Amino acid sequence: MEAFAGKDFKIGECQGQKVVDGEVMPLVLLPPEPARGDAGSLVAALKKNREWFDQMIIKNSAVLLRGFDVKNAEDFNEIVEACGWEDIRYIGPAPRTHIYKRIWTANEGPLSEFIYYHHEMVLFKENPKKVILFCEVPPPEGGQTPFVPSFRVTERMLEEFPEEVEEMEKKGLKYTFTAPSSNDTSSMRGRGWQDAFGTPDPAEAERRVRAMGMDVEWLPDGGLKTIICPRSLTRVFEGRKERRMWYNTVVGMHGKEISSATMADGTEIPDHVVKRCGEILDEESIQFKWEKGDVLFFDNMALLHGRRPSLPPRKVLVATCK
């Protein structure tokens, strides 16, 4: 791998890196020499090595490009386009702002809040295979984007709660989530249904929600409650060593004010199981300190990710790809 990458990249290291099942997470790629650290050289290298780069993301689950002079959303968009992956529009509760072409802000909810670990758009029929993040303004303190090898969560939950895991797997899961009538930027999940589903027309919003495999309930205050059922607890994806991924959002949605997670038949998921799962997620997490210009690629099939509380300012942009 190093010999191949050495033509256009140099292997690096970062604080917080871990080796998981023989794989370095994240794999850090640096410019091969200082003169080739500009964004144009990076774009050219990605175009030249598309197949290899895609293989590295699947093999290592996370790849961090560091030391390149990536300045803004325009540079970031060029990097995303160079990889050749089709765009997929974000759907979900996180408040976000469109910046440029394929580039959006990451969750604009209060920086003081922790964003729970999740696979991007895990509840929907179609979700991104790649999530790409760019750090334009690194936070002075905190604000890391921790990520978790999903298969490790499944392994540990099976070790500690084999009966509960198999019951959830057999029955499937049911989620509910309420989107407010308008955006609430004071909440990390405050995106209104008009913005979330791209229309101010209730009938069209309902049609779009149902097309994504969800049921709808309109609330007296104008909010839209979605019912998502059934959904799987774990999944196995091709090309990822037959690993059983913890492909759900039970911890993030169970017992919350605007969301719920139960088994598909209505059986409650025990609180102590959910609590312990949250602890396991944190124990298995990997994180590093953002640096200006960092570009981080996630295999969304293999990793859950979140956000640590942060002091301002922090500006991280995102693109999602099929």
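Remember, predicted model here, so these are calculated numbers, not experimental data. The first residue in the sequence is number 1, and the count goes up from there.
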Handout entry: Reported CG-to-CE distance for the pair N300 and M245, which is rounded to 0.5 angstrom
Key = 10.5 Å
Problem - Check: K130/T320 side-chain N/O donor and acceptor closer than 3.5 Å - result: no
Problem - Same apolar cluster: V153 and V236, side chain cutoff 4.5 Å - result: no
Handout entry: Beyond-backbone contact of L42 with R36, side-chain heavy atoms, under 4.5 angstrom
Key = no
Handout entry: Heavy-atom side-chain contact between F161 and H272 under 4.5 Å
Key = yes
Exercise for the section: Answer yes or no: is there an ion pair linking E136 with K292, defined by an N-O contact shorter than 4.0 Å? Expected result: no
Practice task
Grab the two heavy atoms, one from S150 and one from W246, that are nearest each other, plus how far apart they are.
Solution key: OG-N, 2.7 Å
Practice task
Quick one: list whatever passes ring-ring contact (aromatic ring centres under 6.0 Å, His included) with Y247, sequence neighbours left out.
Solution key: H119, F237
Fill in the blank from the handout: Distance col, row K47:NZ vs D8:CG, nearest 0.5 angstrom, shows 13.5 Å
Exercise for the section: Would you kindly say whether Y117 and D282 are connected by a side-chain donor-acceptor distance under 3.5 Å? Expected result: yes
Practice task
Check whether any side-chain heavy atom of I99 sits under 4.5 Å from a side-chain heavy atom of W104, and report yes or no.
Solution key: no
Problem - More than 12 heavy atoms of other groups within 6.0 Å of K289 NZ - result: no
Problem - Approximate separation, where rounding is to 0.5 Å, of R308 CZ and R314 CZ - result: 12.0 Å
Exercise for the section: Could you check R189 against S259 for side chain to side chain donor-acceptor pair (under 3.5 Å), going step by step and ending with a plain yes or no? Expected result: CA-CA 10 Å; R189 298 197 291 180; S259 66; 3.2 Å; yes
Practice task
Check whether more than 12 heavy atoms from other residues, nucleotides or ligands sit under 6.0 Å from atom NZ of K241, and answer yes or no.
Solution key: yes
Handout entry: side-chain contact (heavy atoms from CB on, under 4.5 Å), paired with I228, selected from L123, L173, D215
Key = L123
Exercise for the section: Please say whether more than 12 non-hydrogen atoms of neighbouring residues, nucleotides or ligands are located less than 6.0 Å from CD in E141. Expected result: no
Exercise for the section: Enter the distance from Q194:CD to S182:OG here, rounded to the nearest 0.5 Å. Expected result: 7.5 Å
Problem - Polar contact flag, side-chain donor to acceptor under 3.5 angstrom, D184-S187 - result: no
Handout entry: Inter-residue atom distance E284.CD - R152.CZ, 0.5 Å rounding
Key = 4.0 Å
Fill in the blank from the handout: Nearest heavy-atom contact between I91 and A196 is CG2-O, 4.0 Å
Problem - Hydrophobic cluster membership, V216 vs L219, 4.5 Å side-chain cutoff - result: no
Practice task
May I ask you to test the P95-N107 pair for a side-chain heavy-atom distance under 4.5 Å?
Solution key: yes
Handout entry: K71, NZ atom: more than 12 neighbouring heavy atoms under 6.0 Å
Key = no
Completion exercise
Those residues at least two apart in sequence (or on a different chain) that pass ring-ring contact (aromatic ring centres under 6.0 Å, His included) with F147 are F298
Completion exercise
The reported gap from NE2 in H254 to CD1 in I269 (rounded to nearest 0.5 angstrom) is 5.5 Å
Practice task
Look at atom CD of E13 and say whether more than 12 heavy atoms of other residues, nucleotides or ligands are closer to it than 6.0 Å.
Solution key: no
Completion exercise
Scanning both residues in full, the closest heavy-atom pair of T199 with A205 reads CG2-N, 3.5 Å
Handout entry: Modelled atom types, side-chain donor and acceptor of E108 and T97, under 3.5 Å
Key = yes
Exercise for the section: Report whether V137 and I79 are members of the same hydrophobic cluster (ILVMFWY, side-chain heavy atoms less than 4.5 Å apart, transitive linking). Expected result: no
Handout entry: N-O pairing of R207 and E204 below 4.0 Å
Key = yes
Practice task
Over all heavy atoms of both residues, which pair between P139 and L311 is shortest? Give the atoms and the distance, please.
Solution key: CB-O, 3.6 Å
Problem - Salt-bridge contact K322-E126 (side-chain N to carboxylate O under 4.0 Å) - result: yes
Problem - NZ or CZ of R96 within 45° of Y90 ring axis and under 6.0 Å - result: yes
Handout entry: Short N-O contact, E206 and R210, less than 4.0 angstrom
Key = yes
Exercise for the section: Would you mind reporting whether V63 and P26 have side-chain heavy atoms less than 4.5 Å apart? Expected result: no
Practice task
Find out whether L296 and I132 are in side-chain contact, i.e. whether some heavy atom of one side chain is under 4.5 Å from a heavy atom of the other.
Solution key: no
Completion exercise
Heavy atoms of S61 and L303 approach each other most closely as O-CD1, 3.1 Å
Handout entry: Pairing of R89 and D87 as salt bridge, 4.0 angstrom limit
Key = no
Exercise for the section: Tell me whether V250 is reachable from I227 by hopping between hydrophobic residues (I, L, V, M, F, W, Y) whose side-chain heavy atoms are closer than 4.5 Å. Expected result: no
Practice task
Before accepting this row, confirm whether a basic side-chain N of the pair R276/E283 lies closer than 4.0 Å to the acidic partner's carboxylate O.
Solution key: yes
Exercise for the section: Verify the neighbour count for atom CD of E242: are there more than 12 heavy atoms of other residues, nucleotides or ligands below 6.0 Å? Expected result: no
Handout entry: R244 and T234: side chain donor to acceptor below 3.5 Å
Key = yes
Exercise for the section: Using a strict 4.0 Å threshold on nitrogen-to-oxygen distance, state whether D299 and R240 make a salt bridge. Expected result: yes
Exercise for the section: Give me the ring orientation class for F9 and F53: parallel if the planes are under 30° apart, tilted from 30 to 60°, perpendicular past 60°. Expected result: parallel
Handout entry: V274-F177 co-clustered via ILVMFWY side chain contacts under 4.5 Å
Key = yes
Fill in the blank from the handout: Residues M25 and I286: closest non-hydrogen pair is O-CG2, 3.6 Å
Practice task
Taking the side chain as every heavy atom from C-beta outward, state whether W218 and W193 have any pair of such atoms under 4.5 Å apart.
Solution key: yes
